[in-house]
Each structure stands twice: as structure tokens, then as C-alpha cells.
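All remarks here apply to the structure that follows.
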Amino acid sequence: MSPRLPASSRPLLPLLGACALLQLTACDDPEPRPPPVDTSPRTVRLMQTSDLHTNLFPWDYFTGKADPQRGLSKVATLVKQARAENPDCNLLIDTGDTIQGTPLGTYYALVDNAPQHPMAVAMNELRYDAMALGNHEFNYGLGVLSKFKGEASFPLLGANIRQSDGGGEAFTPYLLKDVCGVKVGILGLVTPGVTTWERPENIPGLRFDDPLETARVYVPRMRQEGADVVVVAIHSGPDKQPTGSASNPASWLNDYADPAKWADRGNLPGENQAVQIAQQIEGIDVLLTGHTHQPIPKMLLKNGQGQDVLLIQPNRWGSHLGLVDLSIVHADGRWKVEGKDSRLLEVNAGVEQDARVTQLTQVHHDTTLNYVSAKLGTTRAAFTGGYAARYVDSALADLINTVQEEAAEENGHPVDFSLAALFTDEGMLPAGDITLRDAYSIYIYDNTLYVMEINGSILRRALELNAGYFAQWNPSAPPDASRPESAKVGNVQNYNWDLYSRIEYGYDLTKPVGSRLTHLRYKGLDVRDDQSFRIAINNYRASGGGGYAMFKEGTVLWTSADGVRDYVARYIQGHPHLDPTDVNTCNFSLTPDLYGYYFQASLGPVKCSAP
């Protein structure tokens with residue numbers, strides 16, 4: 001028997017073998033550990049468009065002229081430049097009203113809906129990450145919208161669009177996306193005004209919930225699912241705007257609670273809740289807004305926890321690209337926003353069209369040009385537009401009202417009178433040949449026609465609200481005679497000044513708002529509050545749009561399937577040699593005579609101007 005050696009004298013070889021064996025088994029894990037997470041600070045860039053309204057090219061289809069200050073093909077150049085500055089940490093988001101607004105949108109929705117929608121073509125090329133639905137997405141019905149949704153390579157978000165039966169989600173509510181290691185949540189919301197403005201047959205089976213209450217549900221859910229950053233992409237904007245200085249970027253940084261610095265926009269209830277969402281709901285970092293067609297480079301709003309929420313809006317028609325830069329740091333095991341800033345990049349003559357987007361959509365643009373160039377009829381003289389047609393009982397307004405009256409009668413619903421607005425300063429009919437483009441220029445929106453029954457009280461209240469379009473006139477200090485827009489209130493839109501047919505009425509603009517109506521008669525007799533009338537009115541105004549809630553007290557008797565714009569085109573086609581003098585009837589007046597003050601010296605007298 002061999003003697004046992006002390007431990008210090010034993011051979012080392014077996015022990016080394018055992019250690020090597022341990023290293024081969026326990027130390028050499030078959031699943032390698034992942035490399036350490038890069039937690040260095042980074043900047044996440046959000047790029048935003050909104051209210052593109054099918055403005056792909058720098059072109060105004062209603063005037064037939066180039067417009068260097070619009071178009072997604074130009075925005076595309078800015079997108080690619082901004083993306084190149086931060087290639088790994090960026091998102092591109094749109095906030096709605098995308099597939100409607102120009103004859104291009106009309107053509108590819110109603111004339112030839114077979115090709116892939118040109119907006120989907122362009123937006124896919126630009127690699128959009130998400131789009132929040134806008135109210136105008138529903139103008140052509142769910143079939144057209146569903147087709148566009150299927151053609152887009154990005155999700156269409158709408159958390160507050162629910163199924164009427166059961167309240168389930170009708171669209172994808174939100175998107176969670178990894179952006180250079182940071183999880184960004186994008187919640188999509190739309191103004192609930194859709195149900196006010198849209199024809200019921202275009203939104204069957206849908207309801208539109210309160211965006212504020214919807215965000216209250218989804219923002220915590222997104223945080224629970226790991227969102228490091230929460231972005232609300234909402235087709236809705238601020239319910240107020242800076243008093244007299246909305247074009248000044250600094251004015252958007254004023255204290256929103258100071259009534260002296262902000263003016264109400266005349267919203268429908270809940271129409272524009274973006275500010276309230278920022279202020280009342282914890283956990284939101286950024287609101288990308290739209291709908292109000294304003295360039296808002298930056299607003300900072302305090303939420304209930306005292307944190308800044310950033311709000312931005314890039315105006316309309318592809319006039320700007322919104323940029324938000326978020327400074328992201330890693331702390332306590334998670335990413336968080338340490339700083340935020342935003343600005344707008346302007347589309348102007350110095351911005352070139354992107355070659356690839358232009359190439360992909362040129363055929364759509366050319367097809368639209370051919371479409372709007374078709375001759376419809378002729379006129380014996382021009383139908384003047386703009387302020388010269390708003391500040392007097394004009395032939396152009398009477399033409400639209402005549403079209404609406406005749407369309408209602410042809411469909412079995414004769415009316416007592418009609419009301420209409422002149423939407424833009426550019427819309428007019430030239431003397432001579434009239435094209436489809438000319439017809440569309442005087443009615444640029446896809447409104448449909450309603451026949452309603454109202455009473456004299458509704459009419460009187462609507463007329464008094466109507467006169468709020470004008471600033472109070474001071475005879476001792478009249479406005480600048482070279483600036484006709486100085487007679488109106490700055491934040492009241494031109495489409496909210498209606499001109500009526502067949503009733504006799506007048507306004508004294510030296511009086512305060514609410515007491516300007518000087519007389520109101522129908523067929524020579526004073527209108528009674530209980531007197532019933534049948535009127536022709538567009539769906540926007542009939543539903544209370546523009547703050548005219550009193551019309552919702554009336555009864556809808558008929559709604560058209562066709563748009564007013566199409567009725568205008570058919571009327572011109574069916575009435576060759578239109579004469580403005582024959583169409584024009586004089587039934588309302590303004591005191592003072594604004595046409596005489598601003599235009600008579602340069603344009604000469606008109607049929608209904610004051611003697």
C-alpha cells in the first residue's frame with residue numbers, strides 16, 4: 001500500500017484538469033450574454049406634416065397657377081434633409097386631412113378610384129411611420145378611405161373612432177415603435193366634429209368619442225406597455241389663438257390662461273381640445289396638432305405635474321415641415337425626455353421639388369390638369385370675387401345661391417331662400433370661356449347641399465352672428481382704404497360670412513356685435529320669430545359649423561348625394577352665356593358702403609352698390 005502524500009505534496013495535474021473542465025462547462029455558457037446596452041444620450045427627431053389636402057405639387061388647381069409655397073413634393077426635400085441630419089433616430093408623422101381638398105383628391109376619389117392613391121404613393125416613398133386620421137378623410141365614404149388605408153405602408157391611427165355597436169376600436173389606436181433603442185408611443189386622435197360636418201352615410205357604424213377622455217385611457221396604457229416617449233398626433237388644435245399676432249412665433253408662448261392675450265376661435269364643443277389634453281393628462285411629451293390651419297412653431301403648456309408639454313402645428317397644404325427634437329437620456333434604468341424644442345421649416349421658392357416624389361406622381365398631376373381644363377360654358381362678363389364680392393350684394397354670391405335653389409327644386413324640395421359664402425379671395429369667373437377649374441375655384445370645398453326648415457328666430461340669430469365677421473366701424477377713424485381686409489375681424493374666416501338671397505336685410509357696422517341688423521323682411525313683410533322658412537344651406541353650416549349652432553335647431557328635410565361644387569359645374573354647363581347682371585339681385589346692404597369705400601374708385605360702380 002503506497003503511503004498517502006500530504007496535500008501540499010500531491011500532483012497538481014488532476015486539479016488543473018478539473019478546473020479546465022469547470023471552465024468548459026460552467027464558464028462557457030451556450031447562450032452568450034448580449035453586449036452592454038448603449039445608454040449614451042441621443043436626440044429623437046419627430047417630423048410632421050398636416051392638412052396636406054392632396055397638395056402634392058406646388059400648384060393651385062383652382063387658379064391654374066404655380067404656388068412655390070406649397071406641395072408635398074417640396075416638403076419631401078425638407079424631410080430628406082432633416083432625416084439625413086439624424087438618420088437613425090427619427091419618425092415622420094402626418095396629422096390628417098390628407099386625401100381631400102384639391103381637384104386631384106376629387107378625381108382619384110370620385111372619377112377614377114382604381115389606381116393607387118397618389119397620396120399613398122408619395123407618402124410611402126417618404127417612409128411615413130404613421131398618420132392620424134382627419135375629419136376630411138371621411139368625405140368620400142368608408143370605401144374610399146378603406147382603399148387608401150390598404151394602400152398606405154403605415155398605420156392610420158384613430159383611437160377615439162369607435163364602432164357604434166359595442167364601442168370597439170374601428171382603427172388602430174396607437175403605435176409603439178423602437179427608435180434607436182427608445183420606445184416611442186404615438187396616439188392618434190381626431191376632432192369629434194366629424195359627426196357634425198359629415199353626411200351620416202359616409203360614417204355608418206362609427207362614433208367619434210371625446211378625444212380628451214380617450215387620451216385619458218390610452219396614455220397610461222402606452223406607458224404601461226413600455227413607451228419611453230408619448231406623442232399625441234391629433235387632428236385638432238388650440239381652441240384659442242393669439243390676439244392680433246398669430247403670425248408672431250413668440251405670441252404662441254404666452255400664458256394660455258391670460259384672456260387678454262388669446263381670442264376664442266369659435267369652436268364647436270370639443271372641436272379643438274389639444275391644449276386641454278396637454279394640460280390635463282399626465283405622461284404626454286409632445287402634441288403634433290392640425291385642423292386649425294395655423295403655423296405654430298412652438299407652444300409650451302404645463303400639465304398637472306408642472307411638466308412642459310410641447311405643441312406644434314405645421315400649417316396647411318404642405319407649406320411647412322414641423323420638426324421636434326427630443327433630448328433623451330438614460331436614468332434609473334429607463335429612457336426619459338430631458339429637453340425638447342421645435343420649429344417649422346418653410347416651403348418657399350428656394351426649396352426644390354424632390355425628384356423621386358415628383359417622378360412617381362407626375363402622371364397624377366398631369367391627369368388632374370387635363371381634368372380641370374375641360375370647357376364648361378361661357379360668360380358675357382366676369383363674375384368678380386374676393387372682398388369686392390363680399391362687401392356688396394354681388395353676382396358671384398347670387399350665382400351660388402341660385403345654383404343651390406335650383407338644385408333643391410330639381411330634387412323636389414323648393415326653398416324660400418339660400419345662403420352661401422365666398423370661400424377664397426381667388427375664386428371668380430372670368431369673361432368668356434369657363435373651365436371646370438373656374439367652376440371649382442368659386443366653391444373649393446366638398447360640401448353637400450341640405451334643405452332645412454327653420455324659423456324666423458333662428459334666421460335672426462344667424463344674421464346677427466354673421467355680422468360678427470366685421471370689426472366695428474369708427475367713422476372718425478376709418479380703417480386703411482388700401483387694405484380691404486382691415487374691415488373684418490382678423491380671426492374670423494371668410495367662409496363664415498354668408499350672403500343670403502331673397503330676404504331683405506341690412507347691417508349697421510357702427511353698432512356693436514349683436515345689434516347690427518337694421519331690418520329683416522321676406523317678400524316685403526317683417527320676419528316674425530315663429531315664421532317658417534325652407535332654406536338651401538351647405539352641410540357644414542347646417543350642422544352648426546363656424547359657430548352657427550342655432551341651425552341645429554332646424555329640421556333637415558333633404559340632403560344631396562352630390563357636392564355643391566358639382567351643382568355649380570352643371571349649372572354653368574347648362575346655362576351658356578351667363579350674364580352677371582341677369583343673375584345679380586339686390587336684397588342686402590351694409591352701412592357704411594364698404595364696396596364704395598374700398599373698391600369703387602378702382603373697379604367702378606356695381607349694380608347693388610349704394611347710390
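No hydrogens, no waters, no symmetry mates; every other heavy atom, side chains included, goes into these values.
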Are more than 12 heavy atoms from other residues, nucleotides or ligands located less than 6.0 Å from atom CD of Glu282? no
Counting N and O atoms only, with roles assigned by atom type, does the side chain of Arg207 sit under 3.5 Å from a partner on the main chain of Ile161, one being a donor and the other an acceptor? no
Could you tell me whether Tyr61 and His365 have their ring centroids closer than 6.0 angstrom? yes
Please state whether the rings of Tyr495 and Phe423 are parallel, tilted or perpendicular, taking 30° and 60° as the class boundaries. perpendicular
Can you check whether Leu56's main-chain N or O pairs, donor with acceptor, with Ser73's side chain at less than 3.5 Å? yes
Say whether, by atom type as modelled, one donor and one acceptor occur between the side chain of Arg83 and the main chain of Leu126 under 3.5 angstrom. yes
Quick one: does Ser251's side chain have a donor or acceptor within less than 3.5 Å of a partner on Asn248's backbone? yes
Contact between Thr106 and Thr368 at the side-chain level, heavy atoms closer than 4.5 Å - yes or no? no
Residues Thr214 and Asp210: side-chain donor-acceptor under 3.5 angstrom: no
Report yes or no: do Tyr107 and Thr102 form a side-chain donor-acceptor pair below 3.5 Å? no
Arg199 side chain reached by Phe138 side chain, heavy atoms, under 4.5 Å: no
Report yes if some heavy atom in the side chain of Leu187 is under 4.5 Å from a heavy atom in the side chain of Met222; otherwise report no. yes
Any side-chain heavy-atom pair of Tyr548 and Tyr540 under 4.5 Å: no
Could you tell me if Arg541 and Asn496 have a donor-acceptor pair between their side chains, going purely by distance under 3.5 Å? yes
Using the side chain to side chain contact (heavy atoms under 4.5 Å, CB included) definition, which of the options Val231, Asp178, Asp285, Leu326 pairs with Val184? Val231
Please confirm whether the backbone N or O of Gly563 pairs with a side-chain atom of Thr448, one donor and one acceptor, at under 3.5 Å? no
Just verifying a value: how many Å separate Leu157 CG and Phe171 CZ, rounded to the nearest 0.5 Å? 10.5 Å
Should the pair Arg316-Asp97 be classified as a salt bridge under the 4.0 Å nitrogen-to-oxygen rule? no
I'd like to know if Lys302 pairs up with Asp308 as an ion pair, taking the criterion as any Lys NZ or Arg NE/NH1/NH2 lying under 4.0 Å from an Asp or Glu carboxylate oxygen. yes
Any side-chain to backbone donor/acceptor pair from Thr289 onto Ile312? Under 3.5 Å, distance only. yes
Salt bridge Asp341-Arg343, side-chain N to carboxylate O under 4.0 Å: no
Would Asp228 and Lys183 count as a salt bridge (charged side-chain N to carboxylate O under 4.0 Å, His left out) if you check the C-alpha gap in whole Å, the side-chain angles of each, and the deciding distance to 0.1 Å? CA-CA 5 Å; Asp228 301 304; Lys183 186 175 285 190; over 6 Å; no
Do NZ/NE/NH1/NH2 and the carboxylate oxygens of Glu225 and Arg221 come within less than 4.0 Å? no
Do Leu133 and His235 come within less than 4.5 Å of each other through their side chains, counting heavy atoms only? no
Salt bridge Asp332-Lys336, side-chain N to carboxylate O under 4.0 Å: no
Ring centres under 6.0 Å, that's the criterion: do Tyr445 and Tyr440 meet it? no
Look up atom NZ in Lys74 and atom OG1 in Thr358, then write down how far apart they are to the nearest 0.5 Å. 10.0 Å
Could you check whether Asp354 pairs with Lys80 (Lys NZ or Arg NE/NH1/NH2 to Asp/Glu carboxylate O, under 4.0 Å)? yes
Would you call Asp264-Lys240 a salt bridge at under 4.0 Å N-O? no
Do Phe154 and Leu92 touch side chain to side chain, with heavy atoms closer than 4.5 Å? no
Ring centres under 6.0 angstrom apart (His291, Trp197): yes
Is there side-chain contact between Val79 and Leu321, with at least one heavy-atom pair below 4.5 Å? yes
Heavy-atom distance under 4.5 Å between the side chains of Asn494 and Lys488, does that happen here? yes
Exam field: side chain Asn202 to backbone Glu198, donor-acceptor pair closer than 3.5 Å: no
Between Arg45 and Asn86, is any side-chain donor less than 3.5 angstrom from a side-chain acceptor? no
Go through the steps for Leu310 and Leu300 under the test side chain to side chain contact (heavy atoms under 4.5 Å, CB included), then give the verdict. CA-CA 5 Å; Leu310 187 148; Leu300 289 173; 4.2 Å; yes
Does the distance from a Lys or Arg side-chain N to an Asp or Glu carboxylate O, for Asp255 and Lys261, drop under 4.0 Å? no
Taking the basic N atoms (NZ, or NE/NH1/NH2) and the acidic carboxylate oxygens, is any pair closer than 4.0 Å for Glu426 and Lys65? no
Please check this pair: side chain of His117 against backbone of Met119, looking for a donor-acceptor N/O pair closer than 3.5 Å. yes
Pair Gln294, Gln241: side-chain N/O donor-acceptor within cut-off below 3.5 Å: yes
Establish, from distance only, whether the side-chain atoms of Thr95 and Gln48 form a donor-acceptor pair under 3.5 Å. yes
Greater than 12 external heavy atoms within 6.0 Å of Glu338's CD: no
I'd like to know if the side chain of Thr292 pairs up with that of Gln313 as donor and acceptor (distance under 3.5 Å, no hydrogens or angles considered). yes
